Amino acid sequence: MNEQELNALTEQVKKLALEAGSFLTNERKKFDLNKVEQKRSHDYVSYVDKESEKMIVAQLHKLLPQAGFIAEESGTHMNGEPYCWVVDPLDGTTNFIHNNAPFCVSIGLRNKTEMLLGVVYECCRNELFWANKYSKAYLNGQEINVSRVCELNNAAIELGFTYDADRYRNFIVPIINRLYGNVATLRVLGSAAAEICYVAAGRFEARIEALIGPWDVAAASIILKQAGGLVSDFCGNESDLFYSGKETIVSNGLLHAAMLQTINNLKVEE
Ligand code: LIP
């Protein structure tokens, strides 16, 4: 796919993300908490996630029939296709069901070796983040770049709290103890896709989370990288295909080494 084709596809995906976001916003106005299901303890889903995903997947298949899918609610559907969509139809589900912000639509595309495009639409602030491999990163049409903060003591840090508390607790609590009082501020916002885009926009300097899905991080990861940031696992391994979400440290690049040092010798339980 050449630059012109990818730019044209990116425009189509931006429109789709806005349409899906409009569906989320409208459903939020009449949402019934009784319609919430639990996939596992404290991991919620509703018909909104599922219906949004069905609509997004159907439209993406029309845009690029030669692509497989990794989607949060319907799973992985790949059979050797040259491209793969990585979709979270509603990132920040728990925020959504409690009428909190942020919550967003996240759509990423990769080929067999690298991320090609990422679009994240955060509904509550009407913010459309996007980038592709040939472009800079943008928020509502304005170019965005990571911050130039290079001292951890001046950094705003986001933390994610994944559902699997039993495996995660002994990893994240020591990190809170190491960071709290030694950084400008700590925040837990509940949407990995939106929060990684906030690092891309220079609002935060870094974020740590583990045990989330590729759909939570794929689209935002290319937006962050095109904004000058870094995405890696907890050993500092980057990859153009990095979207697993199993171990995710993102930063403005300047503070990546300091963030890796913060998690030094801590492990998430298998
Ligand atoms: C959420 C992530 C968030 C994480 C939550 C959940 P979902 O995704 O964006 O970072 O802390 O546990 O995984 O489930 O709302 O799509």
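Bear in mind that the values here come from a model prediction, so they are computed numbers and not experimental data. For ligands, and for the atoms within them, numbers begin at 1 and follow the listed sequence.
- The aromatic rings of Y138 and W130 lie parallel to each other, their planes meeting at an angle below 30°, with 60° marking the opposite boundary.
- Remark: K225 does not engage E114 in a salt bridge, criterion side-chain N to carboxylate O under 4.0 Å.
- For the residue pair D49 / T93, a side-chain donor-acceptor distance below 3.5 Å is found, with atom types taken as modelled.
- Taking the six-membered ring where the residue is Trp, F204 and Y198 present parallel rings, their angle staying beneath 30° rather than reaching 60°.
- If you look at ligand 1, the protein residues with a non-hydrogen atom under 4.0 Å away are E72, D88, L90, D91, G92, T93, F161, T162, Y163, G190, S191, A192, R207, E209, I212, D216.
- Classification of the F69-H61 ring pair by plane angle, with boundaries at 30° and 60°, yields tilted.
- A donor-acceptor pair shorter than 3.5 Å can be found between the side chains of T10 and N132.
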